[in-house]
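Everything on this sheet refers to the single structure shown next.
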Amino acid sequence: MPAIMSVDEIRELQRRVRDLKKKKDAYIIAHNYQLPEIQDVADYVGDSLGMAMEAKKTDHPLVVVCGVHFMAETAAILLPDRKVITPERYAGCSLAESITPEQLKEWKAQHPDAVVVSYVNTTAEVKALSDYTVTSSNAVDIIRSIPEDREILFLPDMFLGMYVKEVTGRKNMHIWPGECHVHARVTPQDISRAAVEHPGATMLVHPECGCSTNCLYLKAKGELDVDIKVFSTGGMVRYVKEHPDREYVVATEVGILYRLSKEIGDGSDRLKPLREDMVCEYMKMITVDKLVRSLEEEIYEVKVPPHVAERARVPIERMLQLSSKGR
Ligand code: 13P
Ligand code: SF4
């Protein structure tokens, strides 16, 4: 259990982060799920796609990624000539771990002509075996860009896969049965309950949620009378910014609530989590004291073997190219 810090202790550590950032010419990229004290000292806070795009743009010699390991790996792949560090080397991701390179090789052997589309929540080795990398904000567009007659292997998130299949109407798409332990627990019953407790609220649902496809299906059939929007975390931020006066129920990791409350200003009581237990313990492993140590000692460096990075860079760059117009 990490020690509980007082507000003054956190402020002092944040001051040290800001000093070290200047001294080392470092740039901090953080995910929307990070703790508030990390978000407040980061130079950029966004979703997985935004983090990759930002990494590619930065010219700082030292880049600190506050997010889970695959996010730091993506930055390291895009910045082979820079030092990329993470404050917590054991911040993994249950979804990224749900497929191994060996399993993917076997799956590919069963479908030798298929195009392999991997969600960005995958290890560098899995990306190196893929044709495209996608995030929740561009998966639909990238699937649509693949010729209709090509078979697709989509991995590893089955809920995102089913959502994309439903939205695009793609028939020849096989989906790997992986899931994220935080999002998989969301059910349509959670949405129905929230609709009763917060009538008139807009539900912001991440496509990794267990209910995303079900909810869209029930809504299309008129069996769910709720205003549901399925978005990546970055999409949620943009939507709330454009509609700051509404009430929201948010179905994703609870760290996003701090990010969204900054967009809404005084209205944070109009933001409710769908489930209080949607906490990603991996994201929460990154604390401000670890960030200070990481900057001081320039640890933990994230290194991807060059032969893996070279191959993994191809699908990531393809994704960045296809996404650059939409943001
Ligand atoms: P986003 O790319 O939507 O931020 O999602 C990343 C993630 O890990 C969701 O659990
Ligand atoms: Fe991975 Fe789930 Fe955590 Fe996102 S919330 S980083 S998918 S374990």
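Indexing begins at 1, ligand by ligand and atom by atom, following the structure's order.
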Check your understanding: Given that the side chain starts at C-beta and the backbone is N, CA, C, O, which of these parts of T233 lies under 4.0 Å from ligand 1, counting heavy atoms, or is it both or neither?
Key -> both
Practice item. Report the part of S232 in contact with ligand 1, treating N, CA, C, O as backbone and CB onward as side chain, heavy atoms under 4.0 Å; options are side chain, backbone, both, neither. Key: both
Review point. Is there a path of hydrophobic side-chain contacts, each under 4.5 Å between heavy atoms of I, L, V, M, F, W or Y residues, that connects L295 with V65?
Key: no
Check your understanding: Can you tell me the protein heavy atom closest to atom 10 (O) of ligand 1 and the distance?
Key -> E208 OE1, 3.0 Å
Check your understanding: Closest non-hydrogen protein atom to atom 6 (C) of ligand 1, residue and atom name please, with distance?
Key -> S48 OG, 3.3 Å
Study note, to complete from the structure: The answer for which part of N32 has a heavy atom under 4.0 Å from ligand 1 is neither
Exercise for review: Looking only at protein heavy atoms, identify the closest one to atom 8 (O) of ligand 1 and say how far it is in Å.
Suggested key: N121 ND2, 3.2 Å
Review point. Side chains of Y33 and T252: is there a donor and an acceptor less than 3.5 Å apart?
Key: yes
Exercise for review: Please determine, by modelled atom types, if N32 and T233 share a side-chain donor-acceptor pair under 3.5 angstrom.
Suggested key: yes
Point to revise | Residue, atom name and distance, where the atom is the protein heavy atom closest to atom 5 (O) of ligand 1 | key: H206 NE2, 3.3 Å
Study note, to complete from the structure: d(E148 CD, N172 CG) to nearest 0.5 Å is 7.0 Å
Study note, to complete from the structure: In ligand 2, the atoms that come under 4.0 Å of a heavy atom of C180 are 2 (Fe), 5 (S), 7 (S)
